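Keep in mind that what you see is a predicted model, and the values were worked out from it rather than measured.
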Amino acid sequence: MNAASIRNFTSQNAIYIVLVLLIVGIAVYDPSFIAITTLRDILLQSSTRAIIALGMAFILITGGTDLSAGRIVGLTAVISASMLQMDTYANRFFPDLGHLNMFIPIILAIIAGLLVGLLNGFIVAKLNVPPFIATLGTMVGVYGLNSLYFDLPPNSSQPIGGLREDFTNLGTGYIGVDGTYSVPYIVIIAIVVALIVWVIFNKTQLGKNMYAIGGNIQAANVSGIRVSRNIMYIYMIAGALYGLAGVLEAARTGGATNNYGNMYELDAIAACVVGGVSTAGGIGTVPGVMAGVVIFGVINYGLTFIGISPYYQLIIKGLIIVAAVAFDIRKYVAKK
């Protein structure tokens, strides 16, 4: 293997090399890090973030961005949790609400996320507002709407707790003999979502149109792609994925407040960029996004595992993000 082949291999697989080096480095410091339970915990904590990042990838590949993702997660977490409390819980959000089928609030929450995504898509595609500004506006508006809902009497802005066991089991249950040698349901859901998104990216007309729009929107228009319609579809799918993540986050933590999901959009953007999704649009893969999510999961869990201050973790994450964006811009300029 010559020097050019090595450089090409390193460039194509940089994300996976970084992930391996992170794991090896932490394991050298503390060998107990290499354990099935550690892997399980990292995947468990990363599952909802992976779903959010997959939704964000849709939008970044079109050359856009979405600052409302975290607030959609918070809204949908509160919606689902507010209707899935135990009948005997003293501080129920809706005291007179009957025992609903679990999937009704879940579907309503996902639809709420989809509708916010539709609003984002309409503002971007039909009103020609830049995605940064459009989603900044909906981020603030959704948080206000969620806070009003959360403040309804008799709840009056109290944390929502006492969630039903069938609901929380989605976030804490698992397949297996015990909690050590098992696969959490939430991890399985994240994998299924990733597979569906991979199919959309690689095997559907929407996926092809998405890459075309991100690569060159003028050329996409000339080639007959209905850009506005496709952008609206993409924002709707992203919103639905954020909604699903909000539901699972409420189930995983056993509660919800209006501040759930705060800043999650930044983690999602960071994971996408580190995973090879180009900030210029037109480039990105599902395996890369998932690897980016796992890298940040390893950083968060692994550095805490060996006792490094969270402040140093933020510095390390920031350096990785800057390096990834700089590398992406360098490749983009070189192609031009």
Side-chain angles (χ1 to χ4, degrees), residues 14-15 18-19 45-75 113 116-117 120-121 123-124 129-140 142-143 190 193-194 197 201 210-211 213-214 231 234-235 237-246 249 260-300 313-332:
I15 183 70
V18 170
L19 179 57
Q45 294 179 12
S46 301
S47 295
T48 53
R49 304 300 179 101
I51 295 171
I52 299 167
L54 289 168
M56 186 66 69
F58 275 94
I59 294 169
L60 291 176
I61 290 172
T62 64
T65 190
D66 191 351
L67 299 182
S68 67
R71 293 308 184 185
I72 295 174
V73 170
L75 173 66
V116 178
N120 281 332
I123 296 171
V124 171
V129 177
F132 182 90
I133 301 300
T135 58
L136 175 63
T138 53
M139 176 185 75
V140 176
V142 167
Y143 179 60
V193 170
V197 172
F201 278 18
M210 174 183 69
Y211 283 104
I213 291 168
I231 287 176
I234 286 164
Y235 275 93
I237 293 172
L241 288 175
Y242 305 150
L244 174 61
E249 191 71 357
Y260 264 41
N262 186 31
M263 305 298 284
Y264 279 20
E265 65 278 356
L266 299 185
D267 286 344
I269 293 171
C272 287
V273 171
V274 168
V277 179
S278 175
T279 54
I283 298 173
T285 67
V286 170
V289 172
M290 298 300 280
V293 171
V294 173
I295 278 181
F296 283 107
V298 170
I299 291 172
N300 291 333
Q313 296 176 30
L314 293 174
I315 293 171
I316 293 170
K317 287 168 68 175
L319 290 173
I320 291 174
I321 293 167
V322 171
V325 174
F327 184 68
D328 174 54
I329 292 174
R330 187 174 178 180
K331 287 195 300 182
Y332 179 72

*asked:* Does anything in residues 61-70 form a salt bridge (Lys or Arg N to Asp or Glu O under 4.0 Å)? List the pairs, not counting sequence neighbours.
replied: none
*Polar side-chain atom of E265 near backbone of A69 as donor-acceptor pair, under 3.5 Å*: no
*I52 CD1 to I72 CD1 distance, which is reported to the nearest 0.5 Å*: 10.0 Å
*What distance separates S68 OG from I59 CD1, expressed to the nearest 0.5 Å?*
7.0 Å
*Report the residues that fulfil side chain to side chain donor-acceptor pair (under 3.5 Å) with Y143, sequence neighbours left out, ordered by chain and then residue number.*
N259
*Who are the side-chain contact (heavy atoms from CB on, under 4.5 Å) partners of V124, not counting sequence neighbours?*
P131, A134, I231, Y235
_If I take atom OG from residue S46 and atom CG from residue D267, how far apart are they, to the nearest 0.5 angstrom?_
10.5 Å
*Using the six-membered ring of Y264, assess whether NZ or CZ of R49 lies under 6.0 Å from its centre and within 45 degrees of the ring axis.*
yes
*Work out which heavy atom in A245 is nearest to a heavy atom in I51; give both atom names and the distance.*
CB-CG2, 4.1 Å
*Of all heavy-atom pairs between A53 and V293, which one has the smallest distance, and what is that distance?*
CB-CG2, 3.7 Å
*For residues Y242 and V73, report the shortest heavy-atom separation together with the two atoms involved.*
O-CG2, 3.7 Å
*Hey, what do you get for CE (M56) to CG (L241), rounding to the nearest 0.5 Å?*
11.0 Å
_Residue pairs fulfilling side-chain hydrogen bond (donor to acceptor under 3.5 Å, both in side chains) with at least one residue in residues 130-139, sequence neighbours excluded_ = N120-T138
*asked:* So, using salt bridge (Lys or Arg N to Asp or Glu O under 4.0 Å) as the criterion, who are the partners of E249 when residues are at least two apart?
replied: R252
*When rounded to the nearest 0.5 angstrom, what distance separates CD1 in I295 from CE in M290?*
13.0 Å
*Kindly write out the residues that satisfy ring-ring contact (aromatic ring centres under 6.0 Å, His included) with F58, not counting sequence neighbours, or none if the list is empty.*
F201
*side-chain contact (heavy atoms from CB on, under 4.5 Å) partners of I315, counting only residues at least two apart*: Y312, L319
_Given V277, which partner from the list I269, I61, T285 fulfils the side chain to side chain contact (heavy atoms under 4.5 Å, CB included) test?_
I61
*Determine which pairs satisfy salt bridge (Lys or Arg N to Asp or Glu O under 4.0 Å) with at least one residue from residues 285-296, sequence neighbours left out, and list them in order.*
none
*Going from CG on L60 to OG on S278, what distance comes out if it is rounded to the nearest 0.5 angstrom?*
9.0 Å
